[in-house]
Amino acid sequence: TPADPKTWFANNDYDNYLRTEDHVGRKEFVMADMRGPGTITRIWSPNPSGTIRIYLDGSDEPAIAATMADLLGGKHPLFPPPIATELSRGWNLYFPIPYAKSCKVTSDHRGQYYHVDYRTYPAGTAVRTFAMEQVKEAAEKIRKLAGELSLTPAKEDKRDVLKTECYKMSLPPGESDTLWKHPEPDAGNPSWQNPGPGAIDYFSVNLTTKGSVEKALRKVIVRMSFDGEDTVEAPLGDFFGAGPGINHFATLPLRVDSSGEMVCNFVMPFKKTVTVRLINRSSDTIDFSGCVSASTWKWTDRSMHFHAKWKCEHDVPTRPMRDWNYLTAKGKGVFVGVAFEIDNPVKDWWGEGDEKIYVDGETFPSHFGTGTEDYYGYGWSNPKLFTHAYHSQSRCDGPVTFGRTSVNRFHILDRIPFNTNFKFDMELWHWKDCKVNMAVTAYYYALPGATDTFPKLEAKDLVIRPLPEVSGLRAVKGAIEGESMKILKKVGEVGPQDCDDDSGGQHLWWHAGQKPGDELQLAFSAPKAGKYRVYGRFLKAIDYGILQLAVNGQKAGEPIDFFHDGVVHSDEMLLGTFDLHAGRNVFSATVMGANDKAKKAYMFGLDYLILKP
């Protein structure tokens, strides 16, 4: 509950299921169980394993039964990338799976982190339940759609163009100017002089300056007014979803090209009038060029204005843990996404925090996630950049997750409507007690008259603060780093994980899918053949197992229990004396079980080995 920080900010967010069921002699772990009518909009996991089954309308036979990694990773023949794909160790399936009465999602293998996002319709809504035959019949359309989602989104020619203008503008320090306006009383075209409905559907900007482009993008404000309501106010770079600076990505609504061109394809309707202004709050003259295009629009009592607002907060302490508000809005509308940026002064991971989305006065969020990077569609605090039609990580400075990180997610298939109010909080859950800077741009549509709680932008908000020097990475002399060893045999996921206390700043992490009896084999070399004492340093944590270690098939003593109620490193321990070859030698770890107090995930972490003749 919110009143108890120990439960409200709890982080044991994997291997949790509603219940376990026996199904024709097979154990299935129930991940989700909904009453309809409704539809699944997204399934995510960073460690998909086993077979996922989706049962609809009470049927004992699953409508979908597939290897979870294949279904979410784009390897299923009917759900191709990028409809389903793996990005920076996050597997995502964006495909509507509707049901008229009920839906149950299970896995026959436990240990996952996962999200099942779904929408519930009012009782009595007519819904045609998903059937695999429908997908097969639509295979060519799905293939074509996948191709379109894979391409860099571009402006399409419109048949009913209301108005298109390309512009060039130079703004001295402290000046502002109107970039685009409708109607145009001096345009000389009568059709432009009469107020009338339309919708901006293309807006591009190129920026040049003798000063810092990164600072200019933060200190130039874009402000839009629709039918007399100011609904857009944000730094120019942040409005386009990848601030600070020019960071390449391409999503459906927003993109930043490698050339520096920024493009917005959000549709922005207006009933009578619209004004787009730029305000230069920097100390340099800045030149702008680009185009704005609008199409005709039939305005009705259901038409909504587009909103995009930004806020920044500096020196936010990470202790005590807190919910940091992305958006609080009143009115009737639809939430469609956020772009987020954080300045992290340390290499420790900042994004364990869960998203909490409240709709229409909910006292408990109906959308409650498992981690910040999970919401943004990747996993394991992976610093690798990626771009997708619906989300991206366009910047992560490093090393590890030190420095500035920019991520975004746009709710297209899974947009979230609200009737009276909407609140989106994201936990600030950082592994380190420090201070961070954070900024967010929230995007939503709402009927005229809607309000939100974003403050007016002040000069102090627009400063990009310098980051501290990153500390050197400690390296143990003579260490054979676990993350550099060649993987010979594995079950589940194996890869580097970042940690300040590691030699070299990383260790090798074996996780996601192993069980008692599974083995990991790694190759390492000795300087020459002979007898060596072999030492090792390892990780311990609440979800780590008991493992039998061995070198070239010779056991390294008794099995070792790597359980600990927090994440710690072991002392450098002697594994034994072994005959090593001049060429390849094999280090192995076999899962034997787990401590009674441990989460049964059987993980293992190797920082390094050291050989002493």
Side-chain angles (χ1 to χ4, degrees), residues 165-181 200 203-225 230-249 254-264 266 275-292 307-316 338-345 394-395 397 403-406 408 436-443 454-468:
E165 285 184 348
C166 293
Y167 63 89
K168 288 187 177 181
M169 174 189 295
S170 184
L171 276 184
E175 297 294 319
S176 65
D177 201 354
T178 298
L179 183 75
W180 197 89
K181 187 175 184 179
I200 294 175
F203 172 33
S204 69
V205 177
N206 290 276
L207 174 152
T208 57
T209 177
K210 292 181 179 179
S212 165
V213 171
E214 185 173 89
K215 290 181 179 179
L217 288 169
R218 180 57 60 87
K219 290 200 170 187
V220 172
I221 306 301
V222 57
R223 184 177 293 161
M224 300 187 189
S225 174
D230 292 333
T231 65
V232 173
E233 186 179 52
L236 187 63
D238 296 275
F239 170 81
F240 285 97
I246 294 292
N247 303 301
H248 170 65
F249 77 101
L254 296 169
R255 77 174 192 263
V256 177
D257 294 340
S258 55
S259 65
E261 182 180 43
M262 301 172 288
V263 177
C264 172
F266 271 117
T275 302
V276 181
R277 294 182 64 79
L278 294 181
I279 304 153
N280 183 5
R281 293 187 179 177
S282 78
S283 57
D284 298 306
T285 296
I286 302 175
D287 296 320
F288 305 91
S289 63
C291 295
V292 184
H307 294 247
K309 297 285 185 67
W310 179 87
K311 73 170 185 176
C312 178
E313 190 173 352
H314 294 108
D315 292 328
V316 183
V338 291
F340 176 71
E341 186 264 325
I342 186 168
D343 296 346
N344 186 23
S394 59
R395 180 171 178 174
D397 292 350
R404 307 191 205 280
T405 294
S406 298
N408 54 46
V436 298
N437 307 320
M438 297 187 292
V440 67
T441 309
Y443 308 88
F454 280 91
K456 283 291 182 183
L457 301 186
E458 300 180 13
K460 64 179 178 61
D461 302 325
L462 308 178
V463 176
I464 300 176
R465 297 190 177 186
L467 289 162

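If you read the sequence from its start, that first residue is 1, and numbering goes on from there.
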Under the 3.5 angstrom rule, does the side chain of S204 hit a backbone N or O of C291 as a donor-acceptor pair? yes

How many angstroms lie between atom CG of N206 and atom CD of E261, to the nearest 0.5 angstrom? 5.0 Å

Of the options M169, R223, E165, which is the one that meets L179 in a side-chain contact (heavy atoms from CB on, under 4.5 Å)? M169

Taking side-chain contact (heavy atoms from CB on, under 4.5 Å) as the criterion, tell me which of V205, I200, V276 meets it with V292. I200

Closest heavy-atom pair and its distance - L467, N344: CD2-O, 4.3 Å

Sequence-distant partners of E214, side chain to side chain donor-acceptor pair (under 3.5 Å), two or more places apart: R395

Does any N or O in the side chain of S406 come within less than 3.5 Å of the main-chain N or O of G243, such that one atom is a donor and the other an acceptor? yes

Residues L457 and R281: closest non-hydrogen pair is O-NH1, 3.2 Å

Contacts of D343 meeting side chain to side chain donor-acceptor pair (under 3.5 Å) (sequence neighbours excluded), chain-then-number -> R404, N437

Got a salt bridge between E233 and K309, using NZ or NE/NH1/NH2 to carboxylate O under 4.0 Å? no

Work out which heavy atom in T209 is nearest to a heavy atom in A216; give both atom names and the distance. CG2-CB, 4.1 Å

Between I286 and K219, does a side-chain contact (heavy atoms from CB on, under 4.5 Å) hold up when you go through it step by step? CA-CA 11 Å; I286 302 175; K219 290 200 170 187; over 6 Å; no

Heavy-atom pair with the smallest gap, counting every atom of V436 and P345: CG1-CD, 3.9 Å

The criterion is ring pair (Phe, Tyr, Trp, His ring centres under 6.0 Å); which residues satisfy it with F203, sequence neighbours excluded? F240

Can you list, pair by pair, the side-chain donor-acceptor contacts under 3.5 Å of residues 459-466, counting residues two or more places apart and other chains?
| from | atom 1 | to | atom 2 | distance (Å) |
| --- | --- | --- | --- | --- |
| D461 | OD2 | E458 | N | 2.9 |
| R465 | NH1 | D315 | OD2 | 2.7 |

Applying side chain to side chain donor-acceptor pair (under 3.5 Å), name anything that partners E313, two or more places apart in sequence or on another chain. W324

N/O donor-acceptor pair under 3.5 Å between H248 side chain and V256 backbone: yes

Qualifying residue, where the test is side-chain contact (heavy atoms from CB on, under 4.5 Å) with W310 and the options are D238, V222, I221: D238

Does P235 reach the side chain of V220, with side-chain heavy atoms less than 4.5 Å apart? no

Closest heavy-atom pair, A439 versus F340, reported as atoms and distance to 0.1 Å, is O-CD1, 3.3 Å

Does the N280 side chain pair with the main chain of P172, one donor and one acceptor, at a distance under 3.5 Å? yes

Side chain to side chain donor-acceptor pair (under 3.5 Å) filter on K311, not counting sequence neighbours, yields none

